[in-house]
Every structure is written in C-alpha cells, then in structure tokens.
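Quick notes on the structure that follows.
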Amino acid sequence: MLRIKSNLSASAVLTQQQANYVPLKRVIIESKIRAFAADVTITQIFHNDEATPIEAVYCFPIEEQAAIYTFKAQIDDREISAQLKEKKEAQQEYNNALQDGHGAYLLEQDEKSQDNFIINVGALPPSNDCTITIGYITELNLVQGSTIRFAVPTTIAPRYNPDKGGLASPAGTTSKYVQSSPYTIDFRCHIEKTIGSRTEQITRVSSSSHPIEIDLVQQDAYIVTFTQQNTHLDRDILINIELSSQRNSTIMAVESGAIMAAFIPTEEECHQASKNDLMNEFIFVVDCSGSMQGENKIGLARQAMLLFLKSLPVDCHFNIIRFGSQYKTLFNEKTVVYNRTNAQQAEQLIERLQADLGGTELLEPLRWIEKHPPSQGCARQVFLLTDGEISNVTEVLELCRSMVTSTRIFSFGLGQSPSRSLVKGLARATNGRFVFIPPNASVDVYVGEQLQKALQPCITNVHIKWNLGVSVQSAPTHLPPVYANDRLIVYALVDDKTIPFDHNSSVELLTERDHRSLGVAKVDHIPAIGENETIARLAAKALILELQHAKLPSSNTKTLEIGSTQIRLQEPMETSSEEIAKQRIIAISLKYNILSPYTAFVGVEKRMNASNANMVLREVPIQISADDQHLQRSIQGYVGTGRGRGGLGLGIGGACRHRKVLPDTYGNRNTKYSNVKSSSFNASQPIICDNSEYKLKLRSSTLHKRTSQPKSLCLNDADDQDNVYSDSVSKKKRKRKEMFSEKEIWPSNDQDIVRLLINKQLFDGLWNLDSEAIKNLTEKTLAEFTCGDSQIDQQVLVSMIVIAVLEARFGTLAMMWHGVVQKARKRLINLLKKDSKYLEQLLQNIRKQI
C-alpha cells in the first residue's frame with residue numbers, strides 16, 4: 001500500500017503508483033462565447049483503479065460570478081441529472097443514498113471561499129468510469145477599453161493557517177497540494193465572430209497564459225484550442241478578444257422574460273455629468289509590518305506612494321494609513337483636501353516610511369475605512385500596498401464586499417510571495433484592479449497603469465430607466481459607481497414573457513440628482529428571442545451576489561417565550577438580517593436553478609442489492625499553481641499522496657466527508673509567463689505567431705522568473721539602475737533645491753528622465769524648471785520657445801514644454817506619466833480659462849519647435 005513519507009522533498013512529483021490512486025484522470029473545458037457572456041461546460045472524468053468502492057472528492061475553482069445551472073453524472077450507460085436543493089437537504093440525501101448502497105453525486109459551493117467548489121462522487125465501483133458534467137454561464141470582463149477577457153481559473157492557491165502552522169486545505173477538506181498532478185486539461189473555445197452589436201467586430205484573439213491554435217475555417221466562429229497536449233492545471237486560462245474601436249451602448253441580448261443592456265460611458269459624458277458631483281477621494285493603505293523589510297518591499301512602497309501623491313488631482317480628498325500590528329492614519333479626519341500644506345506633510349511621511357510596525361493585521365485599518373464611509377455622492381478609491389502575508393483572508397474579503405457600492409480597491413502585491421488570493425480577491429470583490437510587483441522591478445510602471453484606471457472620471461448615484469412598457473425587476477437593484485470607458489451591465493427580469501421588443505424599446509442610464517443621461521441603449525434591430533435562459537440566470541446571479549455582498553444590520557436573535565425556563569432547552573428563533581438574506585438567496589437560487597453557497601446539486605443512482613460498507617475516501621490532490629511555486633518549500637507535508645484519508649472505511653456505508661450530516665446533526669492573470677509562446681491572430685490576416693510580442697513578453701517576464709529563485713538571483717543592467725535610483729530617491733528629495741546645479745548630471749536613461757520630471761512636478765500639476773533643465777530636455781533654451789500666446793507666463797510655458805516632450809518622446813512610458821500629465825492639463829485649462837482645444841493648439845505649436 002502507498003505510504004506518506006514525512007521527509008518527502010518539496011520538488012517531488014506523484015509517482016506512477018501514486019497516480020493510480022488519484023481518481024481524477026482528465027478535465028475538459030468547452031466554452032462558447034457569444035456577445036457579453038461565455039457558456040462553459042466542464043467535464044471531469046473519474047476512474048476507480050482500486051478493488052473497493054471509493055468516494056472521490058475534488059475541490060476546484062470557478063469565478064464567483066459564474067451561474068452554475070447544470071450538473072450531471074454518467075456511469076456506464078446511465079445518466080443522472082442532479083436536482084438543485086437546499087444544501088442541508090442535498091447533503092442529507094447524498095449521505096442517505098450512500099448508506100443505502102446507492103451511488104450519489106453532490107456539487108457544493110464553499111460558503112467561506114465562494115470561488116471554491118466541491119465535487120463528491122459517491123461509491124464509484126471498482127474499475128468503473130464516471131463522467132461529471134458541469135455547466136455554467138459567466139459575464140466576460142472588458143479590459144483596456146476594447147478587449148474582452150475570458151478567464152478560466154484552474155487551481156486553488158494554498159493558504160497559510162497559523163493554527164496549524166502550515167498550509168490549510170480548501171473548503172474544509174483534507175486535499176493535498178502537489179507539485180505535479182497526473183490529470184491534465186483539454187480546452188476548446190468557440191468564439192462567435194460578431195460580438196454584441198453589428199458594429200463590434202473581433203480584430204484579434206490571443207492568450208497570455210497558454211500557446212493556442214486558432215481555426216479560421218468556420219464561417220461564423222473562431223475555434224481556439226491548446227497547441228500543447230497534456231496541459232497541466234497550473235495556471236489560469238486567459239483568452240483575450242480584441243474588438244474594433246467602434247463600440248456602442250446597446251441592448252445586446254433579449255430572451256423570454258429577461259433583457260440585458262450594456263453601457264460604456266465616455267470620458268466626455270462622465271465629465272459633463274460629474275460637474276455637480278463631488279471629487280473622488282483616495283485612501284492609501286501601506287503595509288509597514290516587519291515582513292516588508294525583506295526584498296526592499298518597503299522601498300517599492302515608497303516609490304509607489306510618491307507617484308501616487310504626485311498624480312492626485314488638486315482639491316481631491318485623501319489620507320494615508322500605515323498598518324502592522326497597529327495602524328496609524330496621517331490625518332485625524334476621514335480625508336483632507338489635497339493642497340500644498342497637506343501634500344508636503346504626506347511627502348514627508350513617505351520619505352520616512354519604514355517596516356517598523358510589527359505583524360500584519362490588515363483587518364483593523366479596513367474596519368476604520370468601513371466605519372468612515374465616503375461623503376454622499378463621492379466614490380472612494382483605496383490603494384493597498386502589501387506583501388499580503390495574512391491568514392484571515394476570508395474575513396478581510398467579506399468586510400470589503402460590504403463596501404462595494406461606494407469603494408474600489410486597487411491592490412498591489414509586493415515581493416516574491418504575496419497572498420494572491422488576498423490581492424486578487426480584494427480587487428475582484430470591489431470592482432477594482434490588482435497587480436503583482438516583483439522585487440527590483442520598475443514599480444512606477446505598474447503604479448502608473450493602475451493610476452490611469454483609477455483616475456478615470458466616475459459618476460455615483462446612477463439609476464436605470466427601462467422604457468419597455470411593463471414593470472421589471474432590475475438586477476442589480478443598486479448600481480455601483482460608473483467609470484469612464486468601463487462597461488456596466490444591467491439586467492431586467494420580466495414576469496410577462498410575451499413582452500414585445502421593437503424600435504420603441506430603450507434603456508436609459510441616468511444620474512440620480514439631475515437625471516442627466518449617460519447613455520441610451522436602443523434596439524437597433526428586432527432581436528431574436530432566445531430561450532436558453534442565459535440572461536435570466538445571469539440576472540438572478542447578480543441578485544444573489546448583491547445579497548451576499550450587502551452590508552447588513554446587526555443580528556437580532558430572539559427566543560421563544562414558552563416552555564422550559566432553562567436556556568439550554570430554549571429553542572432560538574433566528575430573525576437576523578443574515579438569515580433573511582440567506583433565505584432570499586435560497587429562494588432565488590431554486591427559482592432560477594443556479595447554484596448558491598446555500599444550495600447544492602444532488603443526484604442519486606439507484607442500485608440493487610449493493611453495499612458501500614468498504615468505501616474509502618479519495619481526495620484529488622490539487623496541483624500548486626505556477627504563481628505559487630515559491631511555496632514549494634512549505635508544502636512538504638502536503639506533497640505527493642493524493643490519497644486523502646485512504647483506508648478509512650465507513651461501516652454503515654455513509655459518505656466519508658459527510659459523516660456529520662445525520663438527522664440530528666444539522667450544524668478566485670495578469671502574470672505573463674516566460675516559458676510559453678503566445679499565439680494570436682489578426683482578423684485581416686491568417687493565423688500568426690507574433691514573435692515580436694512573444695520576445696517582449698519573454699524579456700518582461702524573465703525578471704519575475706529569476707526572482708522566484710533566490711539562490712540564482714541575477715539582475716541585468718536596467719535592474720541595477722533601478723536599484724541605484726531607488727537608493728538615492730530620498731537623497732535627491734533632500735537636495736531638491738540643488739537638483740539642477742552645475743554638479744547635477746542629467747540622466748540619460750528614458751525611465752530616469754521621466755522619473756525626474758515626475759519628482760519635479762509641483763503639487764498643483766505645473767513645473768518650474770530653469771532654462772538649463774529645458775535645454776537638457778529639448779536641446780533648446782527656454783528663450784527659444786514660443787507658444788503663440790504672448791500672455792502666457794513662464795511657468796505655464798515650461799509646463800507645456802514638459803507635457804509636449806513627455807507625449808512626443810516618451811510615449812512608450814505613458815503608463816508612468818499619464819496621471820501627472822492629466823493633472824497638468826487640467827490645471828493649465830483652468831489657468832488659461834479656455835477649453836481643451838485651445839490648450840491642444842498651444843501644445844501643437846510647441847511640438848513643432850521640438
């Protein structure tokens with residue numbers, strides 16, 4: 001029999017003998033992408049290689065927003081279609097069936113980590129196969145304005161549990177993490193060539209996670225498959241679908257009893273609507289715990305915070321919170337106005353940032369933020385910089401979900417080993433963004449990219465007007481803040497399924513205060529009425545997620561006033577808001593037949609004269625992700641068996657995992673890999689492998705790959721320059737007045753020039769450079785420049801020269817300077833008391849002179 005070796009090395013893989021004890025043999029992902037959603041089918045093939053019946057248990061991830069609507073099991077020639085029931089009832093039915101000698105199949109969603117799911121295959125007979133089929137529908141994310149991203153998570157990241165002194169298994173199981181698993185994945189994606197409206201055409205399909213092949217033969221679709229065979233489940237599958245730039249807010253899909261509309265407000269629309277709105281507020285949460293000292297993570301935080309501070313709009317509101325074992329706010333108020341005095345105070349704090357606050361307790365500063373909500377009509381942006389070495393991830397995520405209607409979190413994972421579940425989870429739970437910054441990286445590039453997204457115009461307090469001639473139920477019922485060039489999807493459920501849709505049907509996105517229109521979605525052609533319930537399921541899922549993430553009032557539990565006076569014998573009558581929300585979730589889940597944390601799919605396969613008395617538990621091992629290879633030294637106790645509690649029989653034949661369920665005992669890639677080739681195609685060309693793009697990705701990923709191996713750390717020249725710059729930042733600041741003295745050497749590296757210009761920007765967005773600095777920048781003296789307006793003063797002229805140079809010479813570094821340039825442009829427009837067209841005319845005159 002197989003034995004667990006306590007001294008098994010971290011690099012060990014499953015042997016062939018061990019592989020025979022892993023019941024999962026293969027995973028197949030098939031998806032169909034149409035308009036705004038993907039319909040995905042997951043097929044999992046199990047086989048029992050042993051001489052006794054087994055109960056196979058497999059934990060796997062699906063995006064939290066996915067609506068799972070079907071679960072089937074096929075064994076021999078029998079197909080069992082599972083039914084959706086309340087979770088306790090489903091678990092009891094599963095357990096009873098196994099006790100009675102039948103086969104049983106159960107699909108559950110973990111209540112604590114709601115992107116984790118558990119498959120239970122009960123009493124799989126010896127030498128038999130079982131094919132599990134799961135179907136779900138999910139929205140597609142719109143990224144970078146014109147790219148749709150389809151993501152399929154494939155593995156669950158390990159989480160450290162301080163009570164156990166090691167990594168904890170997911171979803172209450174004892175599943176093991178392994179370096180390599182014997183089961184593999186096949187992938188096939190069917191992408192309709194027209195996404196959404198007639199004007200939205202696909203221009204390119206690519207993958208930043210796996211090598212892919214694209215079949216262009218079919219007339220109406222592109223077929224995407226993996227290039228390599230036997231692909232392991234060690235990274236998320238990411239498919240990027242680039243659309244033509246011409247996009248409209250439009251009713252994209254209609255079906256019997258449901259409708260979906262999508263809005264993508266432009267910057268101009270948001271600017272116009274936000275004239276009466278309050279400015280966004282910004283709160284920076286910086287990890288100053290002792291663990292931030294390693295890998296110069298605190299140095300990365302200082303660099304990031306400086307760029308954040310320089311890019312803030314004048315007159316916005318902000319605050320800085322440092323945290324460790326305790327937390328400290330820079331200002332006593334919730335937030336303060338961004339003016340010269342407060343900006344100087346913040347910059348002084350940033351210069352003194354140290355990793356000196358002990359342990360990593362993130363929950364308390366977030367509770368402070370939650371207790372001090374933003375002002376009415378104001379959207380809050382939270383920037384979190386951390387190495388993420390915390391254990392109470394679930395509790396932190398639950399708190400942040402309660403702030404989703406008013407707050408977006410942009411999370412930055414610093415160093416080699418941040419908690420990826422935390423960094424990703426915080427951003428996803430609040431409609432924010434996440435990024436991982438490896439040691440010795442150019443942090444300002446990462447920060448600039450996130451700032452560009454965070455500083456987009458935002459509108460709060462918006463609502464939807466459905467001009468359909470009938471009453472509807474909106475989903476979600478309360479809309480999140482709307483951001484420029486970000487897509488907002490809304491749904492309506494209609495009781496009257498005979499509702500006609502014609503050219504008079506429309507949906508409007510309006511501001512709450514003055515009913516200003518942010519977009520009108522109209523029927524540009526009479527849509528075909530679908531009957532597959534895609535929209536209704538997504539609408540129901542939106543309602544469930546809204547209930548899950550809602551901030552609920554305190555619990556209120558009462559007891560019955562009759563019967564025994566002994567407290568232990570009194571039956572509590574739960575009337576808490578949590579219980580009410582839970583019951584509403586269950587009702588929606590059952591009505592629309594989509595899985596929730598409080599329901600489960602269960603199917604029973606009747607067998608005659610069978611017994612499960614000798615059944616043993618086999619928990620499928622989880623392959624550690626490519627992102628988490630740095631944890632390999634920590635998983636010695638978890639590597640290699642895949643056998644779970646093998647040998648534990650259950651004499652009465654009940655479920656091994658659900659022994660407690662008896663009648664009286666109811667109790668979530670941005671990372672680009674350097675070792676893959678990213679294939680893609682342009683719609684106007686045959687299939688190509690973009691070698692130049694691959695080489696660029698290879699170079700940008702090499703550092704990440706190296707730094708994940710501390711013993712072989714090797715920095716290139718550019719990295720050395722970054723370190724030198726980082727070490728000298730504080731010295732340069734202290735000598736700000738001598739920045740352009742005769743002894744100052746003008747930097748030759750483009751990134752350093754941009755950094756210097758960012759550092760020299762004044763708090764209000766302008767620059768005050770002397771003629772020598774202008775000559776270093778442009779090879780012309782300040783006196784040689786004219787802008788066509790004799791009334792312009794020198795500081796305004798200097799600022800326009802800097803803007804023109806940044807936009808003309810350093811376009812490839814736009815992510816670094818975008819925020820400071822936008823700030824400068826806004827300030828110049830205010831000073832000139834003219835519109836943006838006039839400023840652009842002046843800038844064009846300067847560009848001609850450079």
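Each residue takes its place number in the sequence, starting with 1. When reading the values below, keep in mind they use all heavy atoms of this one structure, side chains included, and skip hydrogens, waters and symmetry mates.
For Glu79 (side chain) and Lys72 (main-chain N/O), no donor-acceptor pair under 3.5 Å exists by modelled atom type. Judged by distance alone, the side chain of Ser209 and the main-chain N or O of Leu238 form a donor-acceptor pair under 3.5 Å. Listed for the Lys193 side chain is a donor-acceptor partner under 3.5 Å among the backbone atoms of Gln218. No donor-acceptor distance shorter than 3.5 angstrom exists from the side chain of Thr147 to the backbone of Asn240, with no hydrogens or angles considered. Remark: side-chain polar atoms of Thr41 are not paired, donor with acceptor, to backbone N or O of Gly135 under 3.5 angstrom. Not a single donor-acceptor pair under 3.5 Å links the side chain of Glu546 to the backbone N or O of Pro476. Looking at Tyr183, its side chain never comes within 3.5 Å of a backbone N or O of Ile45 through a donor-acceptor pair. Panel note: side chain Gln228, backbone Pro211; no donor-acceptor pair is recorded below 3.5 Å. Side-chain atoms of Asn48 come within 3.5 Å of backbone atoms of Leu124 as a donor-acceptor pair (strictly under, hydrogens ignored).
Using a 4.5 Å cut-off on side-chain heavy atoms (C-beta onward), Val620 and Ser181 make no contact. Side-chain contact between Val152 and Ser31: absent, with no pair of heavy atoms (C-beta onward) separated by less than 4.5 Å. The side-chain heavy atoms of Thr154 and Ile29, taken from C-beta on, include no pair separated by under 4.5 Å. Within the 4.5 Å cutoff, the side chain of Ile489 has heavy atoms near those of the Tyr491 side chain.
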### Message
Working note: Thr231 + Phe187, criterion side-chain contact (heavy atoms from CB on, under 4.5 Å); need CA distance, chi angles, decisive distance, verdict.
### Response
CA-CA 9 Å; Thr231 300; Phe187 177 77; over 6 Å; no
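For the salt bridge (Lys or Arg N to Asp or Glu O under 4.0 Å) test, residues two or more places apart in sequence or in another chain that qualify with Glu605 are Arg78, Arg607. For Thr430, there are no side chain to side chain donor-acceptor pair (under 3.5 Å) partners, not counting sequence neighbours.
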